[in-house]
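Below is one structure, written out as structure tokens; comments come after it.
Atoms within each ligand, like the ligands themselves, are counted from 1 in listed order. When a residue number appears, it is its place in the shown sequence, counting from 1. Every heavy atom of this structure was used, including side-chain atoms; hydrogens, water molecules and symmetry mates were not.
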Amino acid sequence: MNDISREIERRRTFAIISHPDAGKTTLTEKLLLYGGAIQSAGSVKGKQGDRHAVSDWMEIERQRGISVTSSVLQFAYGGKIINILDTPGHQDFSEDTYRTLMAADSAIMVIDAAKGIEPQTRKLFQVVSRRGIPIFTFINKMDHEARDPFELLDELETEFGIATYPMNWPVSCGVTFRGVYDRTARRMLTYGDYHGGARQLEEIDCAIEDTAALDALIGARFRKELTDSVELLEGAGADFDLEAVRHGLLSPVFFGSALHNFGVRQFLEHFLELTTPPLPRQTVEGSTVDPCAPGFSAFVFKIQANMNKAHRDRVSFLRICSGRFERGREYYHVQGGRALRLSQPQQMMAQERDIIDEAYAGDIIGVFDPGVFSIGDTICEVGEEKRFTGIPTFAPEHFAVIEQIDSMKRKQFAKGMTEIAQEGAIQIFFYPNSGMEQVVVGVVGVLQYDVLRFRMKSEYGVEFRQRDLPHEFIRRVGNADFNAGDYNLPRDVLWVQDVRGRNLLVFNGQWTVRWAMEKNENLLLSEFYEEIEG
Ligand code: G4P
């Protein structure tokens with residue numbers, strides 16, 4: 001194996017997904033502590049303004065103390081280079097969250113043990129599972145009252161249709177939480193009231209058959225419960241199958257407490273062992289690009305404007321798919337059709353941006369973008385021509401009519417809306433045969449409207465009027481020469497066109513979609529989800 005392949009093989013690039021408040025930030029912070037990437041707990045999340053989240057960039061984030069944009073954090077642990085793709089924790093997340101998942105090779109799903117699967121766990125899981133990448137589950141907050149672990153696993157299996165394999169098993173929860181039993185290491189990890197304080201964790205080798213030792217550790221009652229549960233798991237549970245894990249069909253499950261840093265190191269170590277190095281990527285042309293193949297290639301999965309107010313810049317985030325990136329070398333931007341040097345390549349950590357000289361497949365780099373890149377673009381060696389697939393556009397779920405207020409600023413309004421839409425933060429639609437003064441803006445999370453308002457004002461000097469629409473369900477229309485007037489449609493349906501002039505209908509209820517389909521046998525409606533192709 002050459003040096004480049006060795007570097008690539010030790011990369012682990014993953015995203016952490018969860019419903020807000022399940023403990024994603026807390027877990028990320030603990031993982032970063034292990035990597036020595038941050039000095040003290042509490043620096044990832046800024047609550048009341050004094051501490052800022054490491055990933056807080058934009059002014060709006062600082063004002064609200066939330067994280068709108070996703071960031072990338074890199075650290076080294078146990079000989080591996082770890083890239084965590086952080087996703088917005090706020091419930092009004094955007095397409096950004098979804099797209100970030102396209103750059104990951106595996107996902108960690110954090111679940112609150114008292115709540116189980118929540119709405120956003122569900123949405124994010126669907127996006128991740130579509131890619132068939134490994135999914136690890138961390139069932140958090142075992143120090144609080146929790147639901148029955150068997151019931152939680154059953155919920156994951158029946159709702160998500162994946163098999164689960166508990167890597168450890170909790171002994172009670174809440175005030176009587178005694179710890180977890182590591183099934184592979186055959187070791188009891190005990191949890192005490194003192195936990196989180198100065199004393200070290202106790203990790204004790206202890207076979208499940210060693211009744212006396214277990215009784216001494218957790219008491220006879222809990223020992224009995226534990227041995228019964230483990231017996232049940234061994235008998236009725238799924239077998240561990242690494243291949244199934246690697247294809248996202250079997251999720252290794254860990255119980256722990258992120259807040260008390262309980263079970264986190266063990267989780268990290270198992271995770272690093274079981275997850276994959278950078279995965280191959282497909283091209284539109286139908287070939288597979290191996291990460292260790294010679295030659296650099298990458299795709300743009302996110303574009304972020306104005307991360308630094310002093311610079312008024314735009315940064316494109318690239319996921320490297322193969323080879324090694326070298327600063328100063330010329331690469332080819334396939335969609336732009338020209339060679340270029342990537343300006344000021346950086347990796348991000350906290351508000352710090354480190355200019356880097358090299359990076360490898362699996363890594364994420366941010367490059368200054370003078371406005372030439374779009375989401376999904378491929379950058380590769382000069383003389384090559386390939387385009388990566390797999391950056392989808394997701395269906396917006398909220399719609400509003402946005403209208404410029406000052407007609408003198410028509411140009412700035414159009415420019416701002418178009419540029420922000422190009423970055424993928426919002427999607428714009430037009431009423432058929434009308435101009436740009438009034439557009440329908442679709443977003444995945446309503447917070448994007450605030451971001452839009454803020455950016456239009458601060459970057460383009462334009463204010464707008466916003467009228468929220470009750471519509472939620474967008475469908476593509478497949479009929480050629482479509483005219484809504486020719487069909488028997490519900491009165492409140494919204495007929496719009498996208499930037500390419502394609503027709504869409506937006507409904508305000510699932511049942512109205514069905515109604516329209518029943519009343520119009522020849523109407524061709526399809527789901528919105530689509531892959532952006534270069
Ligand atoms: P998120 O990023 O998924 O939204 O969740 P976050 O880590 O911010 O955690 C949400 C709340 O849950 C926080 O409390 C956090 O301290 C708490 N929490 C996280 N992990 C655990 C755990 O293992 N056990 C318990 N008991 N609580 C946990 P908060 O009061 O909302 O915020 P803070 O004031 O503690 O920051």
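Among Phe222, Phe262, Phe255, the single residue meeting the side chain to side chain contact (heavy atoms under 4.5 Å, CB included) criterion with Phe177 is Phe262.
By the criterion of a heavy-atom distance under 4.0 Å, the side chain of His144, and not its backbone, is placed next to ligand 1. Of all the heavy atoms of Asn140, the ones lying under 4.0 Å from any atom of ligand 1 belong exclusively to the side chain. Counting heavy atoms under 4.0 Å from ligand 1, residue Ser18 touches it through the side chain alone.
Within 6.0 Å of CG in Asp239 there are 12 or fewer heavy atoms belonging to other residues, nucleotides or ligands. Crowding of Glu231 atom CD: a count of heavy atoms from other residues, nucleotides or ligands under 6.0 Å not exceeding 12.
Closest heavy-atom approach to atom 28 (C) of ligand 1 within the set Leu259, Leu27, Val110, Val264: this belongs to Leu259. Evaluated by nearest non-hydrogen atom to atom 24 (N) of ligand 1, the leading choice among Asn261, Asp143, Ile17 is Asp143.
Between Thr26 and ligand 1, at least one N/O pair is under 3.5 Å apart. Considering both main-chain and side-chain atoms, Gly256 never comes within under 3.5 Å of ligand 1 through any nitrogen or oxygen pair. Remark: ligand 1 and Gly23 share an N or O pair separated by less than 3.5 Å (distance only, no angle test). Between Met142 and ligand 1, no N or O atom pair is found at a separation short of 3.5 Å.
Using a cut-off of 4.0 Å between Lys/Arg side-chain N and Asp/Glu carboxylate O, Arg281 and Asp105 are scored as salt-bridged.
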